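Report on the structure given below.
Note that this is a predicted model, so its numbers are computed, not measured. Atoms considered below: every heavy atom in the structure, side chains included; atoms not considered: hydrogens, waters and symmetry mates.
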Amino acid sequence: MRLSQMLFVTLREDPAEAEIPSHKLLLRAGYIRRIGSGLYAYLPLMWRVLKKVSQIVREEMDATGAQECLLPQLQPADLWRESGRWDTYTQAEGIMFSMTDRQQRELGLGPTHEEVITTIAKDMIRSYRQLPVHLYQIQTKFRDEIRPRFGLMRGREFIMKDGYSFHTNEESLKKTYQDMAQAYSNMLRRSGLQFRAVDADSGAIGGSGSQEFMVLAEAGEDEVLYTEDGQYAANVEKAVSMPADAEASPFATFEKRETPGTETIDKLCKFLKCSPTQVVKNVLYQAVYDNGITVLVLVSIRGDQDVNQVKLLNELTKLAGNYQAKTVLFLTVPDAEAQRKWAAKSLPLGYMAPDVADDYIAGSKQVNSKFLRLVDRTAVDLTNFVTGSNESGYHVVGANWNKEFPLPATVVGVRTAKKGDRAVHNPEQTLQSARGIEVGHIFQLGTKYSQAMGATYTSEQGEEMPFMMGCYGVGVSRLAQSAVEQSYDKDGIIWPVAIAPYHAIISIPNISDAQQVEVAEKLYAELNQSGIETLLDDRDERAGVKFKDADLIGIPYRIVPGRSLKAGKVEVVERATHKSHEILIDEVNPTLKQWIEAAIN
């Protein structure tokens, strides 16, 4: 392709709406164009990148025996009601675009396709002889993000590969799950990315085993905790660890003390001259279940620890049946406005004890009249601890469970693991931290969807059995941008060779120089003919502008037919290192072919 004929416009300044380097660079380099909030056009250079990523994904999926198909983007709400996810996706998480057609039928734009694919399996797979089956697609998905940001990272429309497998038993499911773990590693390795596979929370998708594939980058939205021995890695939402040992309490007897202005743990510990490991803090949450019932949740946890809301949400979901519900729609720390809706009297916030009375709640049909009291494992074994007194400005010291305060019946593990904690598998290993961008996620769904939707097959024994299912997703457009976030410099993008839109760009310093044009045209034809995808910058621009644009768009190799032509050579510059080579014109093709093959393999 000749740049003079391409839709190609670059910007010298960072666009105002761009927040992270990759978003700025993709806009500046003319890869994408913002059409609306969270909506982007993929321009010619970007589309070439996306096609290359898609092809790598497709090859690795096909190699496992998965079959490509294409599912509808519009999905009937009834399918999602069958699975029990319609309210979760349209209300709780609120990420599904929903609409009503002219026949007053409710529809959703698919953020994912478990319901559709389960319906297909239900209708078409009758016997165990047809299993296992693995189907996948690459297509546009939709999420109604509250605050779209970071370009393609968190847009409202994106390209994704999602796959779904059906099995007769867990052993078969685990084999495909492991095949996908390997395939995803292959995809990222072939794309030239540094990544880490980590244990993850299953979230609204559900299921048991779950693993994320993180591209390592400073701007990553996710925190990854791992050990240097390579034996453990997990998203912080899922990570477990051993907290620091609690210090001995300085308080031997129980008493109430005036502690003015100590509504935070730091202020309290400074005032009482004690360690936060000897404090039981009591954190209030408000959970709204899918039947409309609001439950006030009091979590008692050690003072130096933080509640992990994803872990807490999972625990509350397990308890949904106690309130005749199926799932949690919302989980929040209730602000003053929320409290006014259910509080019978003003709560002693910052000074609550584990036994704060239920009469603070004005119970109703929509609000449960009792606190749901949970205690994290970090607080269970504390003795002579410090905690609130249920009176503002006062705490108690020297308190003990089942003496001054009843130990809550439900013990949970909802603390947030953090850097520096000891590893569970080996206490001599401490957790390290890195930032990551999630580009892939694989799940062992089990029978969650097949049971809910009545999707069964006839077993060898003639029984009707629900399918065992797996789910496997890769963000194609997200992966492409994460490559930029991982690899750039002050001059622009540095594409990995395997997914770069072109392998090489020939920049003609002076298009009025007949010899430069002749050599450039000859190399352009030869390189493309031999499979080296090459751009020709034949624009009537200054050499400096062309060189800056070549660096900005990140093409791996820049060829310059300039001063060295007198010696029968051209300059070849490696984008990643800025290293310059003078190479004989006849040697450019074989040299680049060798470099590209080495980079891709």
From [X] [atom1] over to [Y] [atom2], what is the distance, rounded to the nearest 0.5 angstrom?
| X | Y | atom1 | atom2 | result |
| --- | --- | --- | --- | --- |
| Thr378 | Asp304 | OG1 | CG | 7.5 Å |
| Lys448 | Met453 | NZ | CE | 12.0 Å |
| Leu431 | Thr227 | CG | OG1 | 7.0 Å |
| Thr100 | Leu107 | OG1 | CG | 7.5 Å |

Report task. Would you kindly check if the NZ (Lys) or CZ (Arg) of Lys345 is within the cone defined by 45 degrees around the ring axis of Tyr360 and under 6.0 Å from the six-membered ring centre? Result -> yes
Identify whether the distance between the nearest side-chain nitrogen and carboxylate oxygen of [X] and [Y] falls below 4.0 Å.
| X | Y | result |
| --- | --- | --- |
| Arg340 | Glu337 | no |
| Arg147 | Glu19 | yes |
| Glu114 | Arg85 | yes |
| Lys326 | Asp87 | no |
| Asp245 | Arg422 | yes |

Over all heavy atoms of both residues, which pair between [X] and [Y] is shortest? Give the atoms and the distance, please.
| X | Y | answer |
| --- | --- | --- |
| Thr112 | Tyr89 | CG2-OH, 4.1 Å |
| Ala287 | Val328 | CB-CG1, 4.4 Å |
| Ile159 | Ser477 | N-OG, 3.1 Å |
| Leu173 | Gly446 | CD2-N, 4.1 Å |
| His167 | Ser172 | ND1-OG, 2.7 Å |

Can any side-chain N or O of [X] pair as donor or acceptor with the backbone N or O of [Y] at less than 3.5 Å?
| X | Y | value |
| --- | --- | --- |
| Ser241 | Ala417 | no |
| Glu237 | Val310 | no |
| Lys281 | Ile265 | no |
| His113 | Pro72 | yes |

Take the angle between the ring planes of [X] and [Y] and call it parallel below 30°, perpendicular above 60°, tilted in between.
| X | Y | result |
| --- | --- | --- |
| Phe405 | Phe385 | parallel |
| Tyr40 | His23 | perpendicular |
| Phe467 | Phe166 | perpendicular |

Query raised in the report: Which of these passes salt bridge (Lys or Arg N to Asp or Glu O under 4.0 Å) with Arg415: Asp306, Asp376, Asp421?
Result: Asp421
Requested in this report: For residues Gln286 and Trp342, determine if any side-chain heavy atom of one lies less than 4.5 Å from a side-chain heavy atom of the other.
Outcome: yes
Query raised in the report: Is there side-chain contact between Leu347 and Leu284, with at least one heavy-atom pair below 4.5 Å?
Result: yes
Query raised in the report: Pick from Glu212, Lys161, His441: which one makes a side chain to side chain donor-acceptor pair (under 3.5 Å) with Tyr184?
Result: Lys161
Query raised in the report: Could you walk me through whether Lys174 and Glu171 pass the salt bridge (charged side-chain N to carboxylate O under 4.0 Å, His left out) check?
Result: CA-CA 5 Å; Lys174 285 184 175 179; Glu171 182 182 356; over 6 Å; no
**Report entry** ring pair (Phe, Tyr, Trp, His ring centres under 6.0 Å) partners of Tyr136, counting only residues at least two apart
**Finding:** none
Query raised in the report: Mind checking whether Tyr472 and His134 have ring centres under 6.0 Å apart?
Result: yes
Requested in this report: Could you please spell out the steps behind the side chain to side chain contact (heavy atoms under 4.5 Å, CB included) verdict for Met468 and Thr447?
Outcome: CA-CA 5 Å; Met468 295 290 291; Thr447 59; 3.6 Å; yes
Report summary line: The side-chain contact (heavy atoms from CB on, under 4.5 Å) partner of Tyr285 among Leu296, Val307, Thr332 is Val307
